Amino acid sequence: MASVDECRQALQDLAARLDHNAETVRERIDLDRTLACRVTDLSAAFHGRLTDGRLLDLTDGDDPKAKIALSTSSDDLLALVRGELDVTQAVASKRVSIKANPFDLLKLRKLL
């Protein structure tokens, strides 16, 4: 089981990667949504905002009103961020749960 600090760092790494790719993605993806990431085995959560292909204002704590909510275990979160776990397969196998508008899911898939 990964630690809360490792999960936080993984999300910061994801934010940095999205920031690096934002210029090329911004033209193709119009997505401005709140995001919550719930780490089920640690009873921890993080939230931020996806804007213009970037993950901004990432902080500890849940956002129950988030438009996009991802729930997973700490190890699966790290595997997703590292690219070791395919998000489509993870959702199909119920290792990851994503609650969002179907159109947002399509945009999110392009972003990742």
Side-chain angles (χ1 to χ4, degrees):
M1 178 169 39
S3 70
V4 172
D5 288 336
E6 289 173 312
C7 292
R8 185 181 301 110
Q9 184 60 52
L11 289 171
Q12 290 170 347
D13 293 347
L14 175 62
R17 189 169 69 227
L18 292 176
D19 191 50
H20 178 73
N21 295 332
E23 291 303 319
T24 58
V25 173
R26 183 182 324 199
E27 302 300 320
R28 298 179 293 141
I29 298 176
D30 178 27
L31 185 65
D32 184 6
R33 301 285 185 271
T34 52
L35 169 76
C37 178
R38 300 169 184 138
V39 186
T40 55
D41 59 333
L42 297 176
S43 298
F46 305 92
H47 68 276
R49 181 165 205 88
L50 286 168
T51 304
D52 293 331
R54 291 182 162 88
L55 178 55
L56 305 172
D57 304 324
L58 188 61
T59 188
D60 289 10
D62 198 0
D63 178 359
K65 295 180 181 180
K67 297 294 183 185
I68 300 172
L70 179 138
S71 297
T72 190
S73 71
S74 57
D75 288 337
D76 286 343
L77 175 63
L78 269 57
L80 280 170
V81 172
R82 291 178 186 151
E84 299 165 358
L85 179 61
D86 178 71
V87 70
T88 304
Q89 291 175 350
V91 169
S93 66
K94 298 187 181 186
R95 291 172 66 179
V96 173
S97 168
I98 302 176
K99 294 181 183 176
N101 172 312
F103 296 110
D104 290 347
L105 285 174
L106 291 172
K107 292 177 183 180
L108 189 60
R109 186 167 180 237
K110 290 179 187 177
L111 186 62
L112 299 175

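This structure is a prediction, so every number in the text was calculated from the model and none was measured.
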Practice item. Before giving the answer on side-chain hydrogen bond (donor to acceptor under 3.5 Å, both in side chains), spell out for Q9 and D5 the whole-Å C-alpha distance, their side-chain angles and the decisive distance to 0.1 Å. Key: CA-CA 6 Å; Q9 184 60 52; D5 288 336; over 6 Å; no

Check your understanding: Hey, are the side chains of D62 and H47 touching, using non-hydrogen atoms and a 4.5 Å cut-off?
Key ->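 Not in contact.
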
Review point. Under a 4.5 Å cut-off applied to non-hydrogen side-chain atoms, are L77 and L11 in contact?
Key: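 Yes, their side chains come closer than 4.5 Å.
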
Count I, L, V, M, F, W, Y as connected when their side-chain heavy atoms are under 4.5 Å apart, and connections chain through other members. Are [X] and [Y] then in the same cluster?
{"X": "V96", "Y": "L50", "result": "yes"}
{"X": "V81", "Y": "L56", "result": "no"}
{"X": "L78", "Y": "L14", "result": "no"}
{"X": "F103", "Y": "V91", "result": "no"}

Looking at [atom1] of [X] and [atom2] of [Y], how far apart are the two atoms once the value is rounded to the nearest 0.5 Å?
{"X": "R54", "Y": "L31", "atom1": "CZ", "atom2": "CG", "result": "13.5 Å"}
{"X": "T72", "Y": "R38", "atom1": "OG1", "atom2": "CZ", "result": "13.0 Å"}
{"X": "L18", "Y": "T51", "atom1": "CG", "atom2": "OG1", "result": "11.5 Å"}
{"X": "T34", "Y": "I68", "atom1": "OG1", "atom2": "CD1", "result": "7.5 Å"}

Check your understanding: How far apart are the C-alpha atoms of K67 and D104, what are their side-chain angles, what is the distance that settles it, and do they pass the salt bridge (charged side-chain N to carboxylate O under 4.0 Å, His left out) test?
Key -> CA-CA 9 Å; K67 297 294 183 185; D104 290 347; over 6 Å; no

**Study point:** D41 versus S74, side-chain donor and acceptor atoms under 3.5 Å
**Key:**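 D41 and S74 do have a side-chain donor-acceptor pair below 3.5 Å.
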
